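Have a look at the structure below, then the notes.
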Amino acid sequence: MVKIDLEGVSKRFGSVIAVDNVSLSVSSGELFVLLGPSGCGKTTILRIIAGLETPTSGRVYFDGVDVTDMPSGKRGVGMVFQSYAVWPHMKVYDNIALPLRIKKLPQSEIDARVRSAARMLNIENLLERYPFQLSGGEKQRVAVARAIAVEPRVLLMDEPLSNLDALLRVQARAEIKRLQRELKITTIYVTHDQVEAMALADRIAVMNKGRVMQVGTVDEVYNKPLNRFVAHFIGSSMNFVEGTITDRGVDIGFALIPYSSVPDELVGKKVSVGIRPEDIYLEPIQGGVVLKGRVVLIENLASEYIIHIDVSGTLLRAKTKLYPQGEEVRLYIHPSKVHVFDTITENRIHIA
Amino acid sequence: MVKIDLEGVSKRFGSVIAVDNVSLSVSSGELFVLLGPSGCGKTTILRIIAGLETPTSGRVYFDGVDVTDMPSGKRGVGMVFQSYAVWPHMKVYDNIALPLRIKKLPQSEIDARVRSAARMLNIENLLERYPFQLSGGEKQRVAVARAIAVEPRVLLMDEPLSNLDALLRVQARAEIKRLQRELKITTIYVTHDQVEAMALADRIAVMNKGRVMQVGTVDEVYNKPLNRFVAHFIGSSMNFVEGTITDRGVDIGFALIPYSSVPDELVGKKVSVGIRPEDIYLEPIQGGVVLKGRVVLIENLASEYIIHIDVSGTLLRAKTKLYPQGEEVRLYIHPSKVHVFDTITENRIHIA
Amino acid sequence: MPSPLRKHIPYILVAPSLAYLAFFISYPIFYTFSLALFGNPSPMVEVMTSPRLGEVALYTTLIIATVIPAQIVIAIFASLFFLNRFRGRELVLYLFIAPLAINEVAAALIWYTMLSSSGFLNKLLINTGVISAPIYFFGYEFIDRTLLAIFLTEVWRATPIVFIIIYAGMQMISRDYLEAADVFGLNLWQKLRYIILPLIKPYIQTALIIRTLFALQVVGPIFILAGEYVRVLATEVVYWYSMRLNPGVASAWALLIGLVTLLLGGLYIKLLRPSAGAT
Amino acid sequence: MPSPLRKHIPYILVAPSLAYLAFFISYPIFYTFSLALFGNPSPMVEVMTSPRLGEVALYTTLIIATVIPAQIVIAIFASLFFLNRFRGRELVLYLFIAPLAINEVAAALIWYTMLSSSGFLNKLLINTGVISAPIYFFGYEFIDRTLLAIFLTEVWRATPIVFIIIYAGMQMISRDYLEAADVFGLNLWQKLRYIILPLIKPYIQTALIIRTLFALQVVGPIFILAGEYVRVLATEVVYWYSMRLNPGVASAWALLIGLVTLLLGGLYIKLLRPSAGAT
């Protein structure tokens, strides 16, 4: 299993900068997720690692060996495409076997590998089918089986679950996680779905506009987002309120969020304050700041409610298991669950 | 605002029965959601109401008037298509205005209606754009604006949010809910996304294989699913365990879920027992049944964990905010949160 | 393998294609140019000042300006018709495009036979008492009717190709666009005018370009139906080459065909610019 | 409006189309049938027992069996070539399909001129000293070389249409299928063999059918390059009609063309059944 390093990788398409000076290290055996909105460059990075694109500048290393100019087929990567790219004119068996035949492996070895991969993905009964006879979930398994049958040094997955429906997606992601744990292949997984990213990842790189915004574990990117973009993108969509830092805390107009040790140089700074819907409570909490608001809309998700509340003209969303009693409600937020970002640079301001 | 009734509506395509003897009543001003997996017939029902399909048998009434054979254009419906169907060769203004021009409304009236609809959907600045210059979310708003500008008696929406990305979808669904509350147009909304359905609906009809499985409010379909299909489809995907009813409760092999008043005639019946991941606790609850298991996989979603636990060979998923301490864990479930279904008919067995 | 070499592989592999292009395609074209332009007097100048030019321009324009619009209109209505699913649709469709399988010369011969003074049409009309003496379609004195015969033959023979293009275009229109029109109360004619025609513009354009290209090249049918007395650009090429043994002037006429094709093609592209975003 | 009436509207609206079909399309076709089959002796029987049949079959087969495969192979390689994005690609592409804009008769005249005893090729070869006396391509004694000239002309003229079809097919192949092949180590030839060719089978089939259809109808170029001594199905139609004034036998030959077209079309469809699921 291989360690992958990207050193200052950039990629331009004409005048568009798809990837902008990205350096990353993926540890051996790790499940590393590239997360970001469409067009953020995550797929381009994956394709550069696969050898399907040549970077405009920068180098790619597999275990310290420069593979930047190595043809894709020589890199020993297995790839699962978003469209699955299961060749439509071949049976499932031949789809998995063709890459092995190309390598001129003995027939017995090919058969053994195809059947072993099929067993792992639970598609042994589909080997004689054509792709058009398969459901989306089955095609996805075939694509994964093809990728692991070549016994790759690196497994690359480009949004492999995005074409499945919600229930199946939740099951399939647990299967992928279990399979990766078992095979211990260094895996790079691209997705735009932050829940999927969190559920799968050992570490996540959050990307935006060709740049890496933050690399970290799930808890790091969720609890300490380094900038407004990461805060907005991870977790259920955050409430943002404009405010100003004072010597006693952050003034957000309709309330003051108290902090004890505000450095003098920050006083007067304009900030964006982010609060996650799940961090707004309808019942008193210890050390909580209280806000008064009016309920404008309730979305009933059965196991919880999303409550849209007008607080002095600002609309906040709260996620709670309590159904609000009456139109007027009190909200409670804890200063430690409030994220403060510089309005101009959008970077996190560490304040306590 | 109109009341809609379907009476024994069926639709066959060749030998395929898309809709199988469906009767429904949608109240005046209600937001009614048709929910089900793809191919369940929900879109066909919407198209029959729109007048785009003629039912093979059965009748459709608008306020008691039989409209089964009335051409679509005469029914006074506004429709938002899944693909939006915003005509690509016309500017946004003309897209909204064309249906009004066809009705030969005076120019001033047309202009007023287009601008009012655009204002409501916040697309006033897009009126001179062509559809290819719009994002998916903007196209969706144009489609809604076009549908409400005709001042329809019924608003029909066919998965209008399915082509948007996750963040936008959550925002757009709240907007649709607010708009519908404001306009009070009878609205029928088709989706395969159960979260969306719950967030929006006054009432939900859950469909499967051309039939209506259950009609009810969000709390009804979530807390008292009438059959295994509804239980599985609503909420995060349920754990199912096979069991047998005894005189003291339901025996699921590795535990007994106690019920005090089991009718004699049910004793010995084979049942499927459904437990939602959010109803499995890692800490003791009052009146809870305890199970022992071994953690096999943890998905960290930051604000909660999905924990895959092996309980005597059966895999259960629990959704919890607690991180399990060690491999061996105790699980607690409450009999009132356990759903019991007949293994053969798959219908709910009421037991307490 | 170092990156620069990899980049050149496609070029190296296709060197034979380039050679093929250069010698097999380009040479004959440039050869025609040189034949048409150089000489004393230049054949091109000869053609442009010849008295035949006016006559050729008239008939060429007349044929193209009647045949092609008729074909487009027929093709549009036929496409609307075939969009309906009905029993035996496939059979009728094959019948409709059957003339494609018939050689242009054979097609002209069929129509010549049918329209001749002792042909089917005259027999029918005489036997039913509509006329008492045969109608003559062919001969220098009946040049109007000969043009009608050419029109019928060309429409019969080449409408299927226009139909195939326009039908393909109509099938590409998303069903949703038409259903939205239904829901919002557009009737059939309003759908045609506001939705279908604007959306198939690119296909109409393609059909116009292809048909003009081919219509400018029709020789056989005109020789068969009109002998030497209806002169168009394409027949001039053959006439000057084969009968007057003057490859220079023939090449000049051929070059004119090329120029007119380019000109009309450009005009169609300009006039029928697809509406923004229509795809 | 009651439902049954609504259902019939499309039919009522298109009655004119049906009338058009019946009289304008079907009649001429049936007329040809009756000319070919009825008579004493039946022209069809006459043709099937005529000594010319063997000769016609030989030359028709020879031309089709050499020209069409050559066109397919050239078109496949050209398509592979044009799939690469390179500078000036559009220009080269237009140049490649330029012969489409040239009339078949004009094309034949160009090649006749180039290959004639005093034409460009002979001048070039004599001036460079490769040969001392001109090579004769035309005339009954040089029938092999005439066939070569026909081959060259047809390949030059009609390969672009094959190219357009096959190129369209290759562009339809999802990039992902080819990139998966790259990732899994297939080289260019393996990609062609295992991925591209199986996936463009339906397009090769279409190209074969269209080209066979049109190749069976070529008259002008053969008359120009080979006069009367290379006889194929299509030239027989014209010969019997115009020179022997026998519409019956001409129709019988025309009918034979139709039959052979259907036969070969069916054969291609059977042999090149698209692989399951390839779309």
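Letters A, B, ... mirror the listed sequences (proteins, then strands); counts begin at 1. Since the model is a prediction, treat every value here as computed from it, not as a measurement.
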Heavy-atom pair of closest approach, residues A302(B) and D219(A): CA-OD1, 4.4 Å
Given a strict heavy-atom distance threshold of 4.5 Å, which part of [X] is in contact with chain A: side chain, backbone, both, or neither?
| X | result |
| --- | --- |
| L301(B) | both |
| A174(B) | both |
| L200(B) | neither |

Would you say CZ of R203(A) has more than 12 non-hydrogen atoms from neighbouring residues, nucleotides or ligands within 6.0 angstrom? yes
To the closest 0.5 Å, what do you measure between OG (S303(A)) and NZ (K319(B))? 6.0 Å
Using non-hydrogen atoms and a 4.5 Å limit, figure out which bit of L315(A) sits close to chain B: side chain, backbone, both or neither.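 Only the side chain of L315(A) comes within 4.5 Å of chain B.
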Please classify the contact of I234(A) with chain B as side chain, backbone, both or neither, using a heavy-atom distance under 4.5 Å. neither
Among the listed options E278(B), K177(B), H232(B), the residue most often paired with chain A at heavy-atom distances under 4.5 Å: K177(B)
